[in-house]
Amino acid sequence: MKWYQLDVEKVEQKLHVVTNRGLSPKQVEQRRKQYGFNVLESQKNISKWLLFLKQFQDFMVLVLLAATLIAGILGEYVDAIAIMVIVLVNGFIGYFQEQKAENSLEKLKELSAPMANVFRDGKWEKVSSREVVVGDIVRITSGDRVPADVRITKSNSLETEESALTGESLPVAKHATPINRDHVDAQDQVNMGFMGTLVTRGSAIGIVVGTGMNTMMGQIASLMVNTKKVMTPLERKLAELGKILIVVALFLTALVVVLGVIQGHPVYNMFLAGISLAVAAIPEGLPAIVTVALSLGVQRMIRKKAIVRKLSAVETLGCASVICSDKTGTMTENKMTVKELFLNGKQLYVSGDGYDIRGDFYLSDTKLDEKYPNLQEMLMYGMLCNNANLQVKKGKYLVDGDPTDGALLVVARKLGLTAVIEENYRIVKEIPFDSDRKRMSVVIEDENGMRFLITKGAPDVLLPRSTFHFNASGRARLDAVDSQSIQEAVGRMADKALRTLAIAVKPLAKNDSLETSFLEKDLTFIGLYGMMDPPRKEVKSAIEECRQAGIRTVMITGDHVKTAKAIASKLNILPEHGLVLEGHQLNKLTVNELKDVIEDTYVFARVTPEHKLKIVEAFQEKGHIVAMTGDGVNDAPAIKASDIGISMGISGTDVTKEASSLILMDDNFATIKSAIQEGRNIYENIRKFIRYLLASNVGEILVMLFAMLLALPLPLVPVQILWVNLVTDGLPAMALGLDKAESDVMKKVPRNPREGVFARGLGYKIITRGIVIGIVTLLAFIITYQNNPDNLVYGQTMAFTTLVMAQLIHVFDCRSEHSVFSRNPFENMYLVFAVISSLLLVLIVIYWEPLQPIFHTTSLNLRDWMLILGLSALPTVLFGFTKK
Ligand code: ATP
């Protein structure tokens, strides 16, 4: 027998679980041991050895190793071993950097992994999907990925899209009835939900019958293509630049070698020096360090509650010029409290805050009780047409589910109504809420077998569907005057930033059709709820900071235009002449027409998710880099189309999370600002170490080139060149990647995404600083060598030390686009420690006697150091005061 053929009790028996209890923790533990985690093993991780060996695959490094080997065979053991060791150490550093990047990316994957709702030991809980086991009772709702293979036991208009499995992109309606046939194909197993498929509508409860590789998806997992790591735009630009730089560096080193040979230096010496120089000067590791910097930045973002799903988003974040943000939950707290009711043509007030169930009802100053006409009914219907649960934790009330629904439960409690619903009322049908329909309906059968429909939703959606209304004396026709007074009440509530919700009923006969089109018309309007959802405290200042950073914030909401306006003015989003557009207006505009007004529009109200795509496109047409938030399944297309798709960690669905490049762990708008700030900072840090590394390399090449042009001996020997490279490139460059932002990062306009690597004066800075570093190094050599022509090692040690010191001082210049003196050097202690450790590594090879013959060095005295420091500080002194 197959799962789809069994009825629910049989499935329960076979899996030793009862639906109204779920598995016990012990059962879960034991099943996990037996079947393992609920994951598809489609990807094998790259082995550590391979990652280490990868560090040596660079062509020039291989040539250097070969040349060193020849040197070793020819008897130059010391040099050969020294070079080998340095290359090996370099390899280790590269390995650790990449490992770190890999690890943080792994961690990211874990953080953004989908969650599942499971019922265990009598309680609903959220666990990571990988922890789901066979026999678990799960709840899936629209927007979820089905976490495992599930036999549906109860379906609420569930529809799933199974194209990942069957290729069929039309949603399939699912129910719980057994299928009495053999050999039913996956697409016809309509009482099963399959791992990885998508819930497009409704909700359902089911029992997990297969996990991990024992699922339909598991069977085809091996056929799935592994996702390849894609380069970010900057990595790509740098990889291309790297190719040019290799050619330039090779040309210059070849020139050094040829000049050296012409000047009479031994060919072999020049060859080894040339290759060492090439290895040192070719920034082959640049894209790798960029990846490291990006992933370190990503870790910092996690601490600020932003999870980056695509590394490239870190770069794009810095270019964002418009943030289109949902109102509810992102700008507001998503903690709804009913503050007002409109009932029997009167405005009632409700006291109490948050989800606290204490509160009273007032008409003007008169306190009301359950005898007030229609009050009890209205609140009761609000509880029945509802999907949330009220829970008590540590004496505090919490809402599990939609906060709008939660508010209705809380306000009902204030009148003393509790959920006695299940025994007395049966839900015959539910038409779930979605942002397009802006309403939810249930068909209820009471204990006497009487049926009725309850619909709740946006007032402007429900009013046109109502022909009757309840007033103090009973049911009456809804005439234009009543309609007008309801609309005015909506306006009054919305003006106070209250979210409005209408509720209506319709009596049904037992054999009435359950078609939506029949049900949701000729309704009897009962009343209005006005709910408060206060703006989050930190949002106003975050919006202001964005404004200063040249980023516009636009509010997008499904709420009433007046509610939207009221909240927008509280948050300072809407300038005096700013426009507000509504969904029905957007319908009439083409993207091109919208483009003409979009620069002046700050609030979009009563929109559906489909409108969001239009908004993104219009902004993009205007040349904007758009960040767009979303949570529901229908938001996914707009999120995908935007430059930075942002989804909600708490309220977001799996589908939107998958489409997004950034997840807000706390659903908070202020986190978007922090992420943008961090994104800008990371990009600036990358510029800092590009500037540092390339200026250093220019300096290194020029010393050798100038020396050869001036017919001087070699100012640096190969081990020294390699040591300089090791000591100055590794740690200090990494530390620059960890630098704090300059105080004005959020005061500048967004970066142009098309700007080149050397934009904003970076190329000029690299060349000028590089030339001066080269010159001062050569000066140190010439001055020493001319006074001590017999002691070449002395001159070389001076050149070596000056080159390192000039770089270690210059690294502080790179921290600022302005003057070096604008920043406190001790702000970045990583850099200070990196510089100190680099310095120690240089002092060791100068002063420790056993190393002196290996590194061709000699001890220096105080006078030498004064010359070295004077010369190596020169680039900073020369350029330190200028911005250029
Ligand atoms: P956003 O999150 O985009 O800022 P929103 O959450 O207010 O906006 P929707 O969730 O689409 O937008 O809600 C639009 C309208 O639908 C609300 O103003 C309310 O009248 C109605 N509504 C919201 N939630 C429910 C619900 N659970 N049941 C019935 N109607 C609802």
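If you read the sequence from its start, that first residue is 1, and numbering goes on from there. In listed order, ligands and their atoms are each counted from 1.
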Original post:
Just distances here: any N/O of Arg499 and N/O of ligand 1 closer than 3.5 Å?
Top reply: yes
**OP:** Compute the shortest N/O to N/O distance between Arg439 and ligand 1 and return yes if it is under 3.5 Å, no if not.
**Re:** no
Subject >> For Ser435, atoms of ligand 1 separated by under 4.0 Å from a heavy atom >> reply: 11 (O)
Which residue and heavy atom of the protein sit nearest [atom], plus the separation:
atom                    : value
atom 27 (N) of ligand 1 : Asp402 OD2, 3.0 Å
atom 22 (N) of ligand 1 : Phe433 CE1, 3.3 Å
atom 28 (N) of ligand 1 : Lys456 NZ, 3.2 Å
atom 2 (O) of ligand 1  : Thr328 CB, 3.4 Å
atom 18 (O) of ligand 1 : Asp559 OD1, 2.4 Å

Mode of [X] contact toward ligand 1 - side chain, backbone, both, neither (heavy atoms, under 4.0 Å):
X      : answer
Thr500 : backbone
Thr404 : side chain
Thr557 : both
Met555 : neither
Ile556 : backbone

Under-4.0 Å salt bridge between [X] and [Y]:
X      : Y      : answer
Asp144 : Arg139 : no
Arg477 : Asp479 : no
Lys496 : Glu340 : yes
Arg547 : Glu544 : yes

Subject >> Option set Gly558, Pro459, Ala458, criterion heavy-atom distance to atom 21 (C) of ligand 1, minimum >> reply: Ala458
Original post:
Can you name the salt bridge (charged side-chain N to carboxylate O under 4.0 Å, His left out) partners of Asp596, sequence neighbours left out?
Top reply: none
Extract all donor-acceptor atom pairs below 3.5 Å that involve side chains of residues 634-644 and protein atoms in other chains or at least two apart in sequence.
from	atom 1	to	atom 2	distance (Å)
Asn634	ND2	Asp436	OD2	3.0
Asp635	OD1	Lys612	NZ	3.4
Asp635	OD2	Lys612	NZ	3.4
Asp635	OD2	Asp631	N	2.9
Asp635	OD2	Gly632	N	3.1
Ser642	OG	Ile639	O	2.8
Ser642	OG	Ile644	O	3.4
Ser642	OG	Gly645	N	3.4
Asp643	OD2	Gln620	NE2	3.1
Asp643	OD2	Val626	N	2.8

Original post:
For ligand 1, is there an atom lying under 4.0 Å from some heavy atom of Gly457?
Top reply: yes
Original post:
Quick one: does Met331 get within less than 4.0 Å of ligand 1, heavy atoms only?
Top reply: no
Without hydrogens or angle criteria, can the side chains of [X] and [Y] be said to hold a donor-acceptor pair below 3.5 Å?
X      : Y      : answer
His624 : Ser321 : yes
Thr608 : Glu610 : yes
Thr455 : Ser441 : yes
Asp402 : Asn387 : no

